[in-house]
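In what follows, chains are A, B, ... by sequence order, proteins preceding strands, each numbered from 1.
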Number of protein chains: 2
Amino acid sequence: MKITFNKRDPVYIQVVQHFKEQIASGKYELGQEIPSRRELANQLKINPNTAQRAYKEMEEAGLIFTEGNNPSRITKDEQVLRNLRTELIEGAVDRLIAAVEPVNIPIDELIGLIQAKYEEQRGEQR
Amino acid sequence: MKITFNKRDPVYIQVVQHFKEQIASGKYELGQEIPSRRELANQLKINPNTAQRAYKEMEEAGLIFTEGNNPSRITKDEQVLRNLRTELIEGAVDRLIAAVEPVNIPIDELIGLIQAKYEEQRGEQR
DNA sequence: TTATCTGTATTAATCATATAATACAGCGTA
DNA sequence: TACGCTGTATTATATGATTAATACAGATAA
């Protein structure tokens with residue numbers, strides 16, 4: 001577990017975002033155990049309360065659940081996971097559209113740029 | 001001049017963003033005068049120092065210039081304006097790619113979503 | 001010359017965030 | 001039973017970014 005934090009956003013938000021991405025990319029199994037608050041805090045060199053806040057957000061969003069005083073687990077609700085994926089994608093698309101709205105770029109040109117960047121990135125991953 | 005501010009981002013950043021969009025969409029002519037710090041502050045109901053900070057950012061980015069103690073003006077450097085447009089677009093595309101990276105969405109599906117949203121938005125503008 | 005605009009600079013106050021220090025309760029196990 | 005893990009909650013403090021208050025200097029016009 002490692003996150004490169006930026007200074008702009010709150011740490012707990014970035015932790016949540018990281019977990020969302022991990023979950024959405026299928027790196028966790030349904031019901032898989034995640035690190036305890038204190039252990040996560042140790043790993044990421046953050047305050048346990050910050051870890052707690054991140055987990056609380058995720059719990060309220062239904063992404064994780066906690067039974068008794070055992071470490072929290074990834075939700076087993078597949079619908080929640082599908083929704084997460086959809087929200088990540090649609091949110092990203094919405095932001096793109098909003099950002100280019102004032103620029104008046106033709107749709108074809110925009111798509112060309114996206115394809116180029118997409119391929120470029122896929123290449124880097126290999 | 002009117003901006004609907006969100007609570008998330010600093011006001012001066014949002015002011016800069018607004019001007020960038022206005023400039024990129026061609027709503028200003030080269031060398032056109034913009035409101036004074038104090039007048040902008042009045043219009044937007046913000047503190048004059050916040051307006052000053054926004055203008056300072058824009059001046060450092062080369063988007064506006066100030067001569068003596070006259071109101072600032074939009075740059076006359078067309079290259080700066082072309083760069084601005086390019087940066088807005090490429091920044092938006094980069095953020096999109098980064099956001100969907102963990103989701104493993106096929107490029108065709110992504111493009112389909114973008115086209116749909118784009119058309120939808122163009123429809124609303126009319 | 002006085003008033004009123006400019007832009008600019010300095011300092012103070014505010015606010016959200018992050019950190020920190022503690023405490024409490026439940027559970028498993030040595 | 002006692003220890004060491006869990007999660008959770010409360011309160012206080014520190015910090016940094018943002019915003020606000022105030023002052024100053026130059027220019028223009030009544």
Side-chain angles (χ1 to χ4, degrees), chain A residues 1-20 23 28-29 31-77 80, chain B residues 1-20 23 28 31-77:
Chain A
M1 179 82 57
K2 187 175 175 302
I3 306 179
T4 52
F5 293 108
N6 67 56
K7 292 180 183 175
R8 176 157 176 62
D9 301 307
V11 172
Y12 75 95
I13 293 287
Q14 294 182 62
V15 173
V16 171
Q17 185 64 23
H18 178 260
F19 271 93
K20 282 186 179 177
I23 296 171
Y28 284 109
E29 296 177 12
Q32 182 174 340
E33 198 173 87
I34 58 178
S36 77
R37 276 76 167 159
R38 290 175 176 87
E39 185 178 342
L40 183 74
N42 273 333
Q43 288 181 15
L44 301 182
K45 314 293 183 198
I46 62 177
N47 192 279
N49 293 311
T50 305
Q52 159 66 4
R53 181 153 183 193
Y55 278 18
K56 190 178 177 188
E57 294 263 328
M58 290 193 282
E59 184 135 27
E60 287 170 356
L63 296 176
I64 65 175
F65 65 96
T66 311
E67 287 174 342
N69 35 2
N70 300 308
S72 301
R73 294 173 175 278
I74 302 294
T75 182
K76 294 176 182 170
D77 185 338
V80 168
Chain B
M1 180 83 55
K2 187 175 175 302
I3 306 178
T4 53
F5 293 108
N6 66 57
K7 291 179 184 177
R8 176 159 173 61
D9 301 307
V11 172
Y12 76 94
I13 294 287
Q14 296 183 60
V15 172
V16 170
Q17 185 64 23
H18 179 261
F19 271 93
K20 283 185 178 176
I23 295 171
Y28 285 108
Q32 181 175 341
E33 198 171 89
I34 59 177
S36 78
R37 277 77 167 157
R38 289 174 176 86
E39 185 177 341
L40 182 75
N42 273 332
Q43 287 180 16
L44 300 181
K45 315 291 183 199
I46 63 178
N47 192 280
N49 293 305
T50 305
Q52 158 65 3
R53 179 149 187 196
Y55 277 17
K56 190 180 178 187
E57 295 263 326
M58 290 194 282
E59 184 136 26
E60 286 170 356
L63 296 176
I64 64 175
F65 66 95
T66 312
E67 290 175 341
N69 37 2
N70 300 308
S72 301
R73 295 173 176 279
I74 302 295
T75 183
K76 294 175 183 172
D77 186 337

Checklist entry - Are side-chain N/O atoms of A/Glu59 and A/Thr66 paired as donor and acceptor at under 3.5 Å? => result yes
Checklist entry - Of all nucleotides in DNA chain C with an atom under 4.0 Å from a non-hydrogen atom of chain B, which is the first and which the last going 5' to 3'? => result C/dT6 to C/dA9
Item to check | B/Glu67 CD - D/dG26 P separation (whole Å) | outcome: 18 Å
Next on the checklist: So, taking the atom named CD in A/Gln43 and the one named NZ in A/Lys2, what distance separates them when rounded to the nearest 0.5 Å?
Outcome noted: 12.0 Å
Checklist outcome for this item: Which of A/Gln17, A/Arg53, A/Glu57 passes side-chain hydrogen bond (donor to acceptor under 3.5 Å, both in side chains) with A/Tyr12? Answer is A/Arg53
Item to check | Plane angle bin for B/Tyr55 and B/Phe19 - parallel if under 30°, tilted between 30 and 60°, otherwise perpendicular | outcome: perpendicular
Checklist entry - For the helix from C/dT1-D/dA30 to C/dA30-D/dT1, what is the angle between the axes at its two ends, each from 5 pairs, rounded to 10°? => result 20°
Checklist entry - Which letters describe nucleotides 15-21 of chain D, given B = protein heavy atom under 4.0 Å from base, S = only from sugar-phosphate, - = neither? => result ---SBBB
Next on the checklist: Between A/Gln14 and A/Asp9 (side chain of the first, backbone of the second, donor and acceptor by atom type, cut-off under 3.5 Å), is there such a pair?
Outcome noted: yes
Checklist entry - From B/Ile23 CD1 over to B/Ile64 CD1, what is the distance, rounded to the nearest 0.5 angstrom? => result 8.0 Å
Item to check | Rounded distance [0.5 Å steps], CG in B/Leu40 versus OG in B/Ser72 | outcome: 10.5 Å
Next on the checklist: Whether the side chain of A/Asn69 and the base of D/dG7 hold a donor-acceptor pair under 3.5 Å is what I'd like checked.
Outcome noted: no
Checklist entry - Which value, rounded to the nearest 0.5 Å, describes the distance between A/Lys20 atom NZ and A/Ile13 atom CD1? => result 8.0 Å
Checklist entry - Does the pair B/Ile34 and B/Ile74 meet the rule for a side-chain contact (heavy atoms from CB on, under 4.5 Å), with working shown? => result CA-CA 7 Å; B/Ile34 59 177; B/Ile74 302 295; 3.6 Å; yes
Checklist entry - Looking at CZ of A/Arg37 and CG of A/Asn47, how far apart are the two atoms once the value is rounded to the nearest 0.5 Å? => result 14.0 Å
